[in-house]
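Both backbone and side-chain heavy atoms feed into the values below; hydrogens, waters and symmetry mates do not. Naming: A, B, ... by sequence-line order, numbering from 1 per chain.
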2 protein chains.
Amino acid sequence: MKHTIKDVAKRANVSIATVSRILNEKDGYSEDTKEMVLRVIEELGYHPNAIARGLINNKTHTVGVLVPSLTGTFATELLSGIEQVTHEVGSNVIVCYTEFQGVKTMKYLQMLNEKRVDGIIFISAELTEEYYSYVESMSIPMVLLCSESDKYQVPYVRVNDRAGGYTATKYLIDNGHRNIGLISGSEDDVLTSVQRAEGYKAALIDHNIAVNENNMVFNDDFLFEDGIQGMKTLMERAPDLTAVFAASDELALGAISVAYQYNKRVPEDISVIGYDNLRLAEMSHPPLTSVSQPLNDMGAKAAQMLFEMQESKMITPSCIMPHQIIERKSVHSLKDFKKK
Amino acid sequence: MKHTIKDVAKRANVSIATVSRILNEKDGYSEDTKEMVLRVIEELGYHPNAIARGLINNKTHTVGVLVPSLTGTFATELLSGIEQVTHEVGSNVIVCYTEFQGVKTMKYLQMLNEKRVDGIIFISAELTEEYYSYVESMSIPMVLLCSESDKYQVPYVRVNDRAGGYTATKYLIDNGHRNIGLISGSEDDVLTSVQRAEGYKAALIDHNIAVNENNMVFNDDFLFEDGIQGMKTLMERAPDLTAVFAASDELALGAISVAYQYNKRVPEDISVIGYDNLRLAEMSHPPLTSVSQPLNDMGAKAAQMLFEMQESKMITPSCIMPHQIIERKSVHSLKDFKKK
DNA sequence: TTGACTTAGTTAAACGTTTACGTAAGTAAT
DNA sequence: ATTACTTACGTAAACGTTTAACTAAGTCAA
């Protein structure tokens with residue numbers, strides 16, 4: 001039931017070379033034979049074997065994406081952006097859930113190597129020496145998504161998290177808040193969590209507000225549970241906060257839920273701004289004001305860069321995507337009219 | 001920099017056949033040569049070319065997963081279940097976001113065909129004649145996930161949505177509610193939306209509550225926006241409801257948000273139960289009581305079945321996964337003590 | 001009429017594996 | 001000493017393509 005190029009050739013009374021050329025739109029055949037061959041292909045329902053093609057062309061039209069365990073929407077949006085442009089150029093994506101584990105990551109890299117993927121996208125993970133040199137030895141392009149590396153010359157696409165943190169905090173300040181808390185992810189996560197915190201501090205300083213360590217809390221991760229923990233300690237340590245910048249939407253929702261527990265109304269008693277603008281931001285109560293990362297576009301961009309590098313064999317410049325505040329109902333203005 | 005089996009053979013002073021046999025753990029070589037070859041492999045950093053292997057073995061260790069555009073968490077959980085067991089058996093998954101489009105789906109099927117994947121998982125989509133016969137002609141196993149087909153003998157894994165709807169509704173009844181609304185997805189979605197509604201009706205009838213069409217609303221989809229729409233019309237048509245069964249968590253959150261708009265407290269004035277038990281259920285305010293589908297397990301099961309079928313060449317029995325109510329805070333009991 | 005080009009093909013090697021088959025050396029039994 | 005088996009390999013075909021190199025026929029100009 002499965003036909004090969006030979007079957008087509010035999011049935012059309014030509015050589016397999018001719019069939020191949022027709023398939024690949026090279027020249028060396030008449031209109032007539034082309035039509036004939038095409039008809040036979042149609043009749044047989046023949047589809048070329050991508051494996052055989054891959055073997056000889058050294059190109060598999062497949063890219064690998066390494067995804068650590070991210071919260072649902074986040075990963076899906078990035079992935080669907082990647083998948084979309086990958087599909088447009090006629091390739092496919094192999095997903096690998098690394099769960100932040102180094103061993104798993106290396107195992108996946110090996111599989112991707114054996115499968116001879118044309119490129120690799122690393123999502124949101126630190127590029128270790130081990131990973132880098134392995135991919136380097138595969139000599140295929142890679143790009144980092146929601147991450148970056150200063151050690152290695154690997155192009156990345158992300159938003160400027162420091163700037164994002166700054167914008168979020170400034171937004172709160174512009175709304176009249178001066179007593180602003182911070183809930184962020186891990187203090188070890190220099191790439192993201194710490195960056196956002198830096199932006200927070202910078203905004204305070206630029207507006208002559210003292211940075212108070214008591215108002216800042218770091219957690220294990222960016223998750224809801226962390227938000228709960230974080231907000232609890234914040235409520236103890238700094239009960240007179242009027243606003244908090246949560247470095248992820250999940251953190252923000254966690255914070256809001258403990259605010260309720262402490263009988264504080266959001267946003268009347270305490271304002272909360274999130275980060276990521278995931279789908280759940282609009283579904284929360286109150287709807288969450290959040291710093292939006294264009295995740296879908298970022299995924300798409302990363303894929304584009306990958307294919308660009310395949311073409312050009314050169315390193316594509318990195319890309320900082322714009323962020324944006326999506327105003328909803330979780331921030332209360334302490335002024336009659338906003339500044340600016 | 002990229003070595004082949006020939007390089008290994010040459011360097012170890014054996015034939016490629018021997019290397020191959022060692023790699024595949026067949027016999028026909030001495031302990032000594034094995035050690036030698038293994039050492040050379042290590043030295044060269046050789047990894048077998050899966051493409052070449054695929055060509056001759058007619059097995060690619062790759063499965064395709066067709067995902068319609070599902071809300072983030074839903075898709076991610078299924079996918080990660082699938083990916084996990086796929087990885088365990090040494091295969092990879094190619095994801096295809098079909099966005100519910102027939103043309104795109106067919107295009108993907110062709111790509112998967114050309115890439116000679118070993119199996120296909122269809123998520124949550126109706127299996128049309130076209131899809132079915134195409135995959136049939138590829139003669140590889142397929143399984144349906146969160147879906148089923150009565151036309152074709154294709155194994156599936158899903159929960160019994162009718163039963164799920166029944167359980168949810170019964171839960172409300174057991175909590176003393178008799179005036180219960182329904183917000184579901186599309187009326188055309190016979191596989192899921194309608195099933196849950198049927199379960200709802202059955203539970204009412206079994207408890208001697210009249211089914212009232214006014215208390216039921218169908219929407220375009222299972223999304224937040226649909227929940228808002230649905231709840232609005234429900235509030236108009238049936239203002240004296242004390243509880244509503246929303247056929248998805250997003251619908252439930254939409255419903256809750258309009259409840260707030262109408263100044264109804266949840267759950268004191270109106271109880272809401274959701275379906276899916278996505279991550280956002282625990283993060284909502286109030287935390288959402290929901291019918292849980294073991295999505296991760298379902299994905300894993302589907303993948304297991306796929307590999308089982310590859311082995312056995314037979315059709316594996318379908319699998320109905322258990323559902324379960326996860327009690328949180330969005331349902332209020334109207335009785336002093338619960339029945340049962 | 002010849003030579004130079006062009007057109008429309010064919011043949012066969014190559015891609016990197018696996019594996020059926022062949023074989024030479026060693027061992028065991030008679 | 002011969003036969004029969006076993007062990008430890010090597011040889012070469014095969015998987016389904018692409019493509020470089022070749023060829024035969026036709027066209028055109030001088």
Side-chain angles (χ1 to χ4, degrees), chain A residues 1-38 40-41 44-62 90 110-111 113-118 138-139, chain B residues 1-38 40-41 44-62 90 110-111 113-118 138-139:
Chain A
M1 194 80 283
K2 196 134 283 178
H3 299 286
T4 76
I5 201 174
K6 279 185 200 158
D7 302 324
V8 175
K10 201 172 299 173
R11 188 139 172 192
N13 266 312
V14 293
S15 73
I16 60 171
T18 302
V19 177
S20 175
R21 277 187 303 244
I22 290 172
L23 243 25
N24 294 287
E25 293 177 331
K26 319 229 153 169
D27 45 29
Y29 47 85
S30 68
E31 241 346 272
D32 284 359
T33 47
K34 175 176 173 182
E35 266 176 37
M36 151 105 291
V37 167
L38 253 26
V40 170
I41 286 177
L44 294 184
Y46 164 76
H47 282 283
N49 182 328
I51 300 299
R53 281 183 153 176
L55 185 56
I56 195 154
N57 290 333
N58 234 325
K59 182 126 200 254
T60 52
H61 294 278
T62 308
Q110 279 175 23
M111 296 181 89
N113 178 20
E114 295 185 0
K115 293 227 166 120
R116 300 295 192 262
V117 295
D118 300 331
M138 294 169 66
S139 49
Chain B
M1 193 79 283
K2 195 134 283 178
H3 298 287
T4 75
I5 199 173
K6 280 184 199 158
D7 302 325
V8 176
K10 201 171 298 173
R11 189 140 171 191
N13 266 313
V14 294
S15 74
I16 60 171
T18 300
V19 178
S20 175
R21 277 187 299 245
I22 290 172
L23 244 24
N24 294 287
E25 294 178 331
K26 319 231 152 172
D27 44 30
Y29 46 84
S30 68
E31 245 340 277
D32 284 358
T33 47
K34 175 175 172 182
E35 266 177 37
M36 149 107 289
V37 167
L38 254 24
V40 171
I41 286 177
L44 294 184
Y46 165 76
H47 282 283
N49 182 327
I51 300 299
R53 282 183 152 178
L55 185 57
I56 197 155
N57 289 334
N58 234 326
K59 182 125 197 256
T60 53
H61 294 278
T62 308
Q110 279 176 23
M111 296 181 90
N113 179 20
E114 295 184 0
K115 293 225 166 124
R116 299 297 191 263
V117 295
D118 300 332
M138 293 169 66
S139 49

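- Closest of all the heavy-atom pairs between A:Gly54 and B:Ile51 is C-CG2, 4.0 Å.
- As rounded to whole Å, 10 Å separates atom C1' of C:dG9 from atom CD1 of A:Ile22.
- With sequence neighbours excluded, the residues that form a side-chain contact (heavy atoms from CB on, under 4.5 Å) with A:Lys26 are A:Arg21, A:Asn24.
- Under the side-chain hydrogen bond (donor to acceptor under 3.5 Å, both in side chains) criterion, A:Thr4 pairs with no residue, sequence neighbours left out.
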**Prompt:** For B:Tyr46 and B:Ile5, what are the C-alpha separation, side-chain angles and deciding distance, and is it a side chain to side chain contact (heavy atoms under 4.5 Å, CB included)?
**Reply:** CA-CA 8 Å; B:Tyr46 165 76; B:Ile5 199 173; 3.8 Å; yes

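- Judged as a salt bridge (Lys or Arg N to Asp or Glu O under 4.0 Å), the pairs with a partner in residues 10-19 of chain A (not counting sequence neighbours) are, in order, A:Arg11-A:Glu43.
- Between the CG atom of B:Leu23 and the C1' atom of C:dT19 there is a distance of 14 Å, rounded to whole Å.
- Here the P atom of nucleotide C:dG16 and the NZ atom of A:Lys115 are 19 Å apart, to the nearest Å.
- Applying the side-chain contact (heavy atoms from CB on, under 4.5 Å) rule to B:Asn57 yields the partners B:Arg53, B:Lys59; only residues at least two apart in sequence or on another chain are considered.
- As rounded to whole Å, 12 Å separates atom P of C:dA20 from atom CG of B:Asn24.
- The stretch residues 48-60 of chain B touches DNA chain D through B:Leu55, B:Ile56, each having a heavy atom within less than 4.0 Å of the strand.
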Could you list all N or O pairs between the protein and nucleotides 8-10 of chain D that sit under 3.5 Å apart?
| residue | atom | partner | partner atom | Å |
| --- | --- | --- | --- | --- |
| D:dC9 | OP2 | B:Ser30 | N | 2.8 |
| D:dC9 | OP2 | B:Ser30 | OG | 2.7 |
| D:dC9 | OP2 | B:Thr33 | OG1 | 2.9 |
| D:dG10 | OP1 | B:Ser15 | N | 3.4 |
| D:dG10 | OP2 | B:Ser15 | N | 2.5 |
| D:dG10 | OP2 | B:Ser15 | OG | 2.8 |
| D:dG10 | OP2 | B:Thr18 | OG1 | 2.8 |
| D:dG10 | N7 | B:Arg21 | NH2 | 3.3 |
| D:dG10 | O6 | B:Arg21 | NH1 | 2.8 |

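- Distances shorter than 4.0 Å separate none of the side-chain N or O atoms of B:Lys26 from OP1 or OP2 on C:dT18.
- Of all the heavy atoms in B:His47 and A:Asn113, the pair that sits closest is CD2-ND2, 3.8 Å.
- B:Thr4 comes within contact range of the sugar-phosphate backbone alone, with a heavy-atom separation under 4.0 Å but no base atom that close.
- Under the rule for a side-chain contact (heavy atoms from CB on, under 4.5 Å), A:Ile56 has no partner lying at least two apart in sequence or in another chain.
- Spacing between atom NZ of A:Lys6 and atom P of D:dT18 amounts to 13 Å, rounded to whole angstrom units.
- Taken over five-pair windows at either terminus, the axes of the helix from C:dT1-D:dA30 to C:dT30-D:dA1 are inclined to one another by 50° (rounded to 10 degrees).
- Remark: A:Ala52 engages A:Asn49, B:Leu55 in a side-chain contact (heavy atoms from CB on, under 4.5 Å) (not counting sequence neighbours).
- Atom NZ of A:Lys10 is separated from atom P of C:dT11 by 13 Å (rounded to the nearest Å).
- A donor-acceptor pair under 3.5 Å is formed between the side chain of A:Thr60 and the backbone N or O of A:Arg116.
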